[in-house]
Amino acid sequence: MMFKGLAYYILMGSFCFFSNVILSQDQRIADRLAVIYKADTLIGLQKLKLLDDLSFNEVNDYGKKLEYSEELISLAKEHKNNNYLYYGFFRKGDAKQFVGDLEEAITAYFKAAEIAKKEKFISREAGAYGAIADIYSISDNHKNAMLYYGKAITALRKTEDTIALASVILNAGDALLRNKEYDSALIYFNESGALFEKSNYVLGTAYNLGNIGMVYANLGKNDLAEQNINQAILILEKSGNYDPISVYLISMSDIYLEKEQHQSAIDYAQKSLSLAEQYGLKEQIKNANLKLSQLYEIIGNLVVSYKYYKDHITYRDSLINLEKVQELANQRTNFEVSQKQVEVELLGAKNDLLETQKRNQLIVLGFIGLLLLTSLWFY
């Protein structure tokens with residue numbers, strides 16, 4: 001089972017690639033900065049930085065995260081500051097993605113990518129590509145997901161952003177895990193894990209452990225899966241990152257279901273649901289309700305199973321229709337293909353022009369040669 005991508009938790013809300021300093025999200029920082037924000041005494045660049053830090057570190061209230069990012073976008077436009085404008089759109093994409101508004105999320109990420117490309121912010125452009133890839137992966141568009149992960153990884157290998165590179169590789173591994181390509185996923189996770197360890201990035205290591213645990217769970221290696229996932233949860237609890245914990249708890253539920261320890265499986269699924277409800281994580285609420293419905297059906301309690309299934313349907317239908325995201329993906333792909341076609345046609349026209357010029361030159365030279373021969377003949 002795949003969650004929404006490491007980047008959305010540790011770097012930029014999906015990937016916040018910083019050229020010089022890499023920071024991890026911390027709700028405690030957001031809580032302290034909120035006091036300064038309410039005082040409303042900062043202006044100009046100081047206000048931009050405050051909004052940037054707030055929108056990045058706010059991980060418990062995505063409504064606030066969206067408000068901060070929208071204000072950051074507005075203020076950055078006012079000050080004509082593309083640096084903070086990029087982050088504003090990026091954080092907006094994060095906020096929208098976390099609450100299931102995938103169509104608006106991917107639109108915001110594309111805007112961030114366009115700004116980064118225009119300003120030649122290589123790492124940030126790669127970060128936007130990684131976030132776009134995450135949305136495609138969630139939308140079950142594996143081809144486009146791997147395409148954009150590839151763009152991000154290629155760009156980041158040219159930089160010194162080790163943590164950013166590791167994060168994209170990890171999310172690409174997520175996509176492979178989602179597509180049941182377990183051996184390939186492990187290859188990606190092994191590389192990302194080594195990069196996180198090299199950078200001594202504990203939070204990244206937590207995600208890596210959790211994802212490897214999910215691979216082992218899918219391969220039936222439950223002891224290894226449980227060991228890795230429990231380590232990941234312990235680290236994530238300390239940092240207050242609850243969305244991935246909710247996902248990993250479902251994986252733990254699956255492990256105990258495989259062991260036919262049904263009450264333990266139900267307990268883990270219930271913990272996942274409680275966390276998801278506490279922090280308004282619609283996708284995880286949907287998934288936890290479905291898991292509980294399945295578990296209660298297995299033990300024969302059909303009344304409770306039906307109750308959880310109805311809740312699952314309610315949250316499933318409340319999420320943005322993935323067909324819209326798929327349509328947007330197709331539109332974007334068609335646009336890129338058309339752009340390529342224009343380039344090909346322009347190149348063809350250029351070549352035709354050169355050929356025409358060459359033919360004209362040969363005709364002129366031939367005509368001059370004929371005149372010379374004629375002159376010599378009469379001479």
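By the neighbour-count criterion of 12 heavy atoms within 6.0 Å, atom OH of Tyr188 is sparsely surrounded, having that number or fewer from other residues, nucleotides or ligands. Within 6.0 Å of the NZ atom in Lys310, the count of heavy atoms belonging to other residues, nucleotides or ligands does not exceed 12. Surrounding OH of Tyr309 are at most 12 heavy atoms belonging to other residues, nucleotides or ligands under 6.0 Å away. Within a 6.0 Å sphere centred on NZ of Lys307, heavy atoms belonging to other residues, nucleotides or ligands number more than 12. Atom CD of Glu197 has 12 or fewer heavy atoms from other residues, nucleotides or ligands within 6.0 Å.
Hydrophobic clustering places Tyr86 together with Leu50 (ILVMFWY residues linked when any side-chain heavy atoms are closer than 4.5 Å, directly or through intermediates). Cluster annotation: Ile212 is connected to Val247 through the hydrophobic network of ILVMFWY side chains, with a link wherever side-chain heavy atoms come within less than 4.5 Å. In terms of hydrophobic clustering, with Ile, Leu, Val, Met, Phe, Trp and Tyr side chains grouped at heavy-atom distances under 4.5 Å, Leu273 and Tyr296 are assigned to a common cluster. Criterion: ILVMFWY side-chain heavy atoms under 4.5 Å apart, direct or through other members. Under it, Tyr216 and Tyr207 are part of a common hydrophobic cluster.
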Check: Given Leu219 and Val215, is the side chain to side chain contact (heavy atoms under 4.5 Å, CB included) satisfied, shown in steps?
Finding: CA-CA 6 Å; Leu219 293 175; Val215 172; 3.9 Å; yes

Checklist line | From CA spacing to verdict: salt bridge (charged side-chain N to carboxylate O under 4.0 Å, His left out), Lys282, Glu277 | finding: CA-CA 8 Å; Lys282 289 185 180 180; Glu277 288 178 335; over 6 Å; no

Next item on the list: Show your reasoning for whether side chain to side chain contact (heavy atoms under 4.5 Å, CB included) applies to Ile266 and Ile299.
Entry: CA-CA 10 Å; Ile266 289 172; Ile299 65 174; 3.8 Å; yes

Note to self: Walk me through whether Tyr201 and Leu203 qualify under side chain to side chain contact (heavy atoms under 4.5 Å, CB included).
What the structure shows: CA-CA 6 Å; Tyr201 195 70; Leu203 194 54; 4.0 Å; yes

Next item on the list: Please test Arg157 against Glu191 for salt bridge (charged side-chain N to carboxylate O under 4.0 Å, His left out), starting from the C-alpha separation and ending with a verdict.
Entry: CA-CA 13 Å; Arg157 290 197 191 280; Glu191 182 177 2; 3.1 Å; yes

Checklist line | Full working for side-chain hydrogen bond (donor to acceptor under 3.5 Å, both in side chains) between Thr162 and Ser199 | finding: CA-CA 7 Å; Thr162 304; Ser199 302; 4.5 Å; no

Checklist line | Glu58/Lys65 under salt bridge (charged side-chain N to carboxylate O under 4.0 Å, His left out): CA gap, chis, key distance, verdict | finding: CA-CA 6 Å; Glu58 180 59 60; Lys65 191 180 190 74; over 6 Å; no

Next item on the list: Would you sort out whether Leu45 and Asn81 count as a side chain to side chain contact (heavy atoms under 4.5 Å, CB included), showing the intermediate values?
Entry: CA-CA 9 Å; Leu45 288 175; Asn81 189 312; 3.5 Å; yes

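Not counting sequence neighbours, Gln231 has no partner by the side chain to side chain donor-acceptor pair (under 3.5 Å) test. Looking at residues two or more places apart in sequence or on another chain, you find a ring-ring contact (aromatic ring centres under 6.0 Å, His included) between Tyr68 and Tyr37.
A donor and an acceptor atom, one from each side chain of Gln263 and Asp267, are located under 3.5 Å apart. There is no side-chain donor-acceptor pair under 3.5 Å between Tyr308 and Asn289. Between the side chains of Arg32 and Asn57, no donor N or O sits under 3.5 Å from an acceptor N or O. For Asp174 and Tyr149, the side-chain atoms include no donor-acceptor pair closer than 3.5 Å. No side-chain donor from either of Tyr109 and Glu114 sits under 3.5 Å from a side-chain acceptor of the other. In this model, no donor atom of one side chain and acceptor atom of the other lie less than 3.5 Å apart for Asn222 and Glu258. Checked by atom type, the side-chain pair Asp31/Gln27 shows a donor-acceptor distance below 3.5 Å. Checked by atom type, the side-chain pair Asn241/Ser239 shows a donor-acceptor distance below 3.5 Å.
To the nearest 0.5 Å, atoms CD1 (Ile36) and OG1 (Thr41) are separated by 7.5 Å. Distance check, rounded to the nearest 0.5 Å: CD1 of Ile135 to NZ of Lys96 gives 12.5 Å.
A donor-acceptor contact shorter than 3.5 Å links the side chain of Asn228 to the backbone of Leu224. No donor-acceptor pair under 3.5 Å is formed between the side chain of Asp52 and the backbone N or O of Leu48. Counting only distance, with no hydrogens or angles, the side chain of Ser253 and the backbone of Ala265 share a donor-acceptor pair below 3.5 Å. Judged by distance alone, the side chain of Ser293 and the main-chain N or O of Ser305 form a donor-acceptor pair under 3.5 Å. The backbone N or O of Glu181 sits nowhere less than 3.5 Å from a side-chain atom of Asn179 that would complete a donor-acceptor pair. Within the 3.5 Å criterion, the main-chain N or O of Leu85 finds no donor-acceptor partner in the side chain of Asn82. In terms of modelled atom types and a separation under 3.5 Å, the side chain of Thr159 and the main chain of Asp161 share a donor-acceptor contact. Although no hydrogens or angles enter the test, the distance criterion places no donor-acceptor pair under 3.5 Å between the side chain of Tyr182 and the main chain of Leu176. A donor-acceptor pair under 3.5 Å is absent between the side-chain atoms of Asn208 and the main chain of Asn190, judged by distance alone. Between the Asn218 side chain and the Met214 main chain, a donor and an acceptor come within less than 3.5 Å of each other.
Across every non-hydrogen atom of Ala175 and Met146, the tightest pair is CB-SD, 3.9 Å. Considering all non-hydrogen atoms of both residues, Ile229 and Gly210 come closest at CG1-O, 3.9 Å. Across all their heavy atoms, Ala105 and Gly93 have their closest contact at CB-O, 3.4 Å. Taking each heavy atom of Ser55 and Ser69 in turn, the nearest pair found is CB-N, 4.0 Å. When all heavy atoms of Leu102 and Ser139 are compared, the pair lying nearest together is CD1-OG, 4.1 Å. The minimum heavy-atom distance linking Ile250 with Ala288 is given by the pair CD1-CA, 3.8 Å.
Checked options Tyr242, Tyr279, Tyr62; the residue passing with Phe98 is Tyr62 (criterion: ring-ring contact (aromatic ring centres under 6.0 Å, His included)).
Both the sub-6.0 Å distance and the 45° axial angle are satisfied by Lys151 relative to the ring of Tyr129.
Looking at Ser137 and His142, their side chains never come closer than 4.5 Å, going by heavy atoms from C-beta outward. Gln284 places a side-chain heavy atom less than 4.5 Å from the side chain of Asp243.
For residues 66-76, the salt bridge (Lys or Arg N to Asp or Glu O under 4.0 Å) pairs, not counting sequence neighbours, are Lys47-Glu71, Glu70-Lys92.
Lys291 has a carboxylate O that lies under 4.0 Å from a charged side-chain N of Asp254, or vice versa, which qualifies the two as a salt bridge.
Below 30°, between 30° and 60°, or above 60°: for Tyr256 and Tyr268 the angle between ring planes is below 30°, a parallel geometry.
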